[in-house]
Amino acid sequence: MLKILKYSFYDLIRSRWSYVYFLFYLILGFVLLFLNNDVSKAVITLMNIIIVLVPLIGTIFGIMYYYNSKEFTELLLAQPIKRSSIFLGQYLGVAGSLTMSLVLGLGIPFVLYGLFKSDAIFDFSLLLVTGAFLTMIFTALSFNIAISNENKIKGFGYAVLLWLFMAVIYDGLFLMSLIIFKEYPLDTFSLAATMFNPIDLSRTLILLKLDISALLGYTGAVFKQFFGTDQGLIISLLMLILWTVFPIWRLSYKSKRQDF
Amino acid sequence: MYENIALGKSKFQYQIFYFSIMHYTQSLLAAIYFIIGTSLYANTIPICSSCKVTSIKKGIEIAKDFDTLLIKKGVYKEFNILIDKPLTLLGENFPVIDGEDQGEIIRIVSDNVTVDGLFIINVGTSYTSDYAAIRVVRSEHFLIQNVVLEKLFFGIYLEKSNNGKVYHNKIIGDAKDEYNSGNGIQLWYSKNVEVDRNIVQGTRDGIYLEFSDHITINNNISTKNLRYGLHFMFSNDDVYTNNTFENNGAGVAVMFSKRILMKNNTFKKNWGTTSFGILLKEINDAEIIGNTFEENTIGINVEGSNRIKYNNNNFIRNGWAVKILGACYENTFSNNNFLHNSFDLSYNSKLNDNVFDSNYWSDYAGYDLDKNGIGDIPYRPVKLFSYIVNKTPETIVLLRSLFMDIIDFSEKVSPVFTPDNLLDANPLMKQVK
């Protein structure tokens with residue numbers, strides 16, 4: 001598996017896309033800090049970008065890579081290698097290189113602008129951790145879509161739809177249901193609903209740090225328990241891990257049974 | 001007044017010294033001087049466990065007007081100490097007066113009383129009378145300074161007492177519930193009192209004013225109080241400046257009062273469902289200038305308040321910087337900084353009669369082509385999302401989601417739910433210094 005991981009990783013690095021991605025974040029980080037000159041404000045702007053862009057790029061990259069390397073995958077399948085290690089190796093290669101681009105690309109400008117002296121370091125590292133999680137999750141989801149769809153156009157369509165659903169439509173439905181059922185106690189429901197969307201989940205995780213004063217404004221024991229203590233942080237992180245592990249498990253499960 | 005006495009004494013001692021070097025040439029004069037001195041100037045009565053006088057009550061009993069009781073270090077288990085003549089109670093190295101939870105500790109019923117440097121603990125708790133560590137009743141020209149109060153019910157209670165000063169005291173309570181705790185410093189029907197440089201924490205209301213006019217409250221630090229850091233009720237023409245209110249149930253509550261000046265105070269980390277930096281209720285003609293509101297759930301909560309000026313305040317990272325709940329007219333907000341608040345402004349009616357002009361909004365995304373430092377397009381501080389959150393509070397979990405940004409944007413372009421004249425026509429491009 002490691003060999004395939006290494007191969008995919010270097011393959012991506014050679015294909016220059018990782019560089020482009022890395023440079024994009026590098027420039028973004030520098031521009032943000034140059035324009036704001038305020039690390040904590042830049043963290044807020046970055047959060048908006050990470051929540052929207054990272055899943056999108058993870059999805060598109062994952063699905064593209066899978067379809068592109070399909071012939072190579074079929075070649076590998078003819079060899080006496082475990083199927084799960086082929087797919088997991090490829091997946092980890094893609095997710096690893098994307099995560100690295102993200103962390104380095106954003107990390108370097110922030111470190112250069114004196115992050116270690118700023119008190120935003122915890123917010124920022126949380127941002128990077130959620131960014132990494134989102135990359136892993138959405139790449140895994142796109143691999144799942146790709147492995148289930150032979151047809152590339154269909155696969156692409158589903159992948160983009162997945163992103164659109166998670167990033168925008170889900171919140172819209174969520175909001176509508178909250179407004180329609182506002183007569184009922186909704187605090188448990190609203191917290192549960194955030195758990196079923198990794199984007200909302202990462203947003204909540206960052207909100208816990210950035211907007212805690214606003215979140216505590218709502219009267220409700222469940223909210224208070226969740227946002228007021230470390231419970232919120234722990235549960236959100238656990239759910240993110242679950243969101244990562246589950247698609248990876250399905251990927252290896254599916255790859256064993258798939259008829260290529 | 002007391003300073004004069006002290007000055008007179010040292011001058012007098014100097015004169016004694018002077019005469020002694022003059023080889024008693026004028027010893028007769030000196031003797032006369034001495035006799036006059038003792039009768040004119042106050043005595044000092046030392047109190048300690050090995051002195052002639054061992055209790056404070058006894059000391060007060062034998063003291064004449066304008067005497068000083070010098071209370072030496074030690075523990076005095078006394079309560080219901082009544083000061084009924086103009087005296088100075090001066091503690092040396094913070095003597096402890098332990099009330100043993102029996103009731104009130106010191107009651108001042110005379111003018112010109114000074115209490116200085118005492119450590120008072122264990123005030124009794126009662127549900128029928130407000131026991132206080134120090135209570136001043138119908139007296140004037142009192143001075144309470146350098147007093148430390150712990151384990152208290154009420155701390156310093158001024159009752160119909162005017163023209164006094166409460167200076168540099170430290171009040172540390174351990175209040176757990178509102179119903180069985182008292183206030184740190186309470187003023188009731190008192191006028192012209194100065195409350196300066198006190199530290200109050202862990203009480204119900206840090207400082208409480210009821211029917212008290214012309215009070216100045218400066219440089220105090222009020223933290224971790226159950227209810228409010230500072231609380232005004234029916235008190236007019238008061239001023240509070242340079243105070244810090246942190247981590248209270250709510251920072252300052254100003255209710256049913258007129259002409260209050262609030263200047264250069266800091267309100268920090270008042271978190272919770274009903275937590276505010278300032279709560280304004282039925283307030284008219286007040287001025288709120290140069291204050292800093294940082295990380296409060298609600299910076300200022302305004303209800304039924306008119307003609308208030310908000311100038312040069314900083315609102316930094318609050319949940320809601322300003323929340324206006326209707327019946328507020330002719331208020332003006334200008335030259336304030338709104339920095340990274342979750343919501344800058346929340347408004348629950350469609351009618352707007354308040355003016356927002358020349359503020360700096362960190363969320364402002366306009367441009368300044370003519371480079372005059374003022375944005376060319378107006379800023380709308382009320383987001384649609386804050387309107388939705390008012391209606392359905394649970395939606396707060398959708399804060400900063402892409403979907404919300406999209407509908408906020410559409411509302412910004414064509415306001416439907418928020419008052420369309422509620423805007424800052426001259427948003428500043430740079431922070432107000």
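Just so we're on the same page: letters track the sequence lines, and every chain starts at 1.
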What part of [X] lies closer than 4.5 angstrom to a heavy atom of chain B: side chain, backbone, both or neither?
X      : answer
A:V168 : both
A:I199 : neither
A:I51  : neither

When rounded to the nearest 0.5 angstrom, what distance separates [atom1] in [X] from [atom2] in [Y]?
X      : Y      : atom1 : atom2 : result
B:T395 : A:M176 : OG1   : CE    : 14.0 Å
A:I206 : B:L399 : CD1   : CG    : 12.0 Å
B:L398 : A:D200 : CG    : CG    : 6.5 Å
B:F385 : A:L175 : CZ    : CG    : 7.5 Å

**OP:** Please check if atom CD1 in A:I153 has more than 12 non-hydrogen atoms from other residues, nucleotides or ligands closer than 6.0 Å.
**Re:**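 For A:I153, atom CD1 is not crowded (no more than 12 foreign heavy atoms under 6.0 Å).
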Original post:
OH of A:Y158: more than 12 outside heavy atoms within 6.0 angstrom?
Top reply: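 12 or below, so no.
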Original post:
With a 4.5 angstrom heavy-atom cut-off, which part of B:I388 approaches chain A: side chain, backbone, both or neither?
Top reply: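 Side chain only.
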Original post:
Taking all non-hydrogen atoms of both residues, which atom of A:D187 and which atom of B:E394 are closest, and how far apart?
Top reply: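 Between these two residues, the closest heavy atoms are N-CG, 4.0 Å.
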**OP:** Locate the shortest heavy-atom distance separating B:L402 from A:A167; write the atom from each residue and the value.
**Re:**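 What the structure gives for the nearest pair is CB-O, 3.9 Å.
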**OP:** Output the residues of residues 406-417 of chain B for which the shortest heavy-atom distance to chain A is under 4.5 Å, in residue-number order; output 'none' if no such residue exists.
**Re:**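 Listed by number: B:I406, B:I407.
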Subject >> For chain A, the option from B:K269, B:E295, B:R400 that forms the most heavy-atom pairs under 4.5 Å >> reply: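 Counting heavy-atom pairs under 4.5 Å, the top option is B:R400.
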Original post:
Is there a side-chain contact (heavy atoms from CB on, under 4.5 Å) between A:I179 and B:K391 once you walk through the steps?
Top reply: CA-CA 8 Å; A:I179 291 174; B:K391 299 253 167 204; over 6 Å; no
Subject >> Donor-acceptor contact present, side-chain A:R203 to main-chain B:V397, <3.5 Å >> reply: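 At least one qualifying donor-acceptor pair exists.
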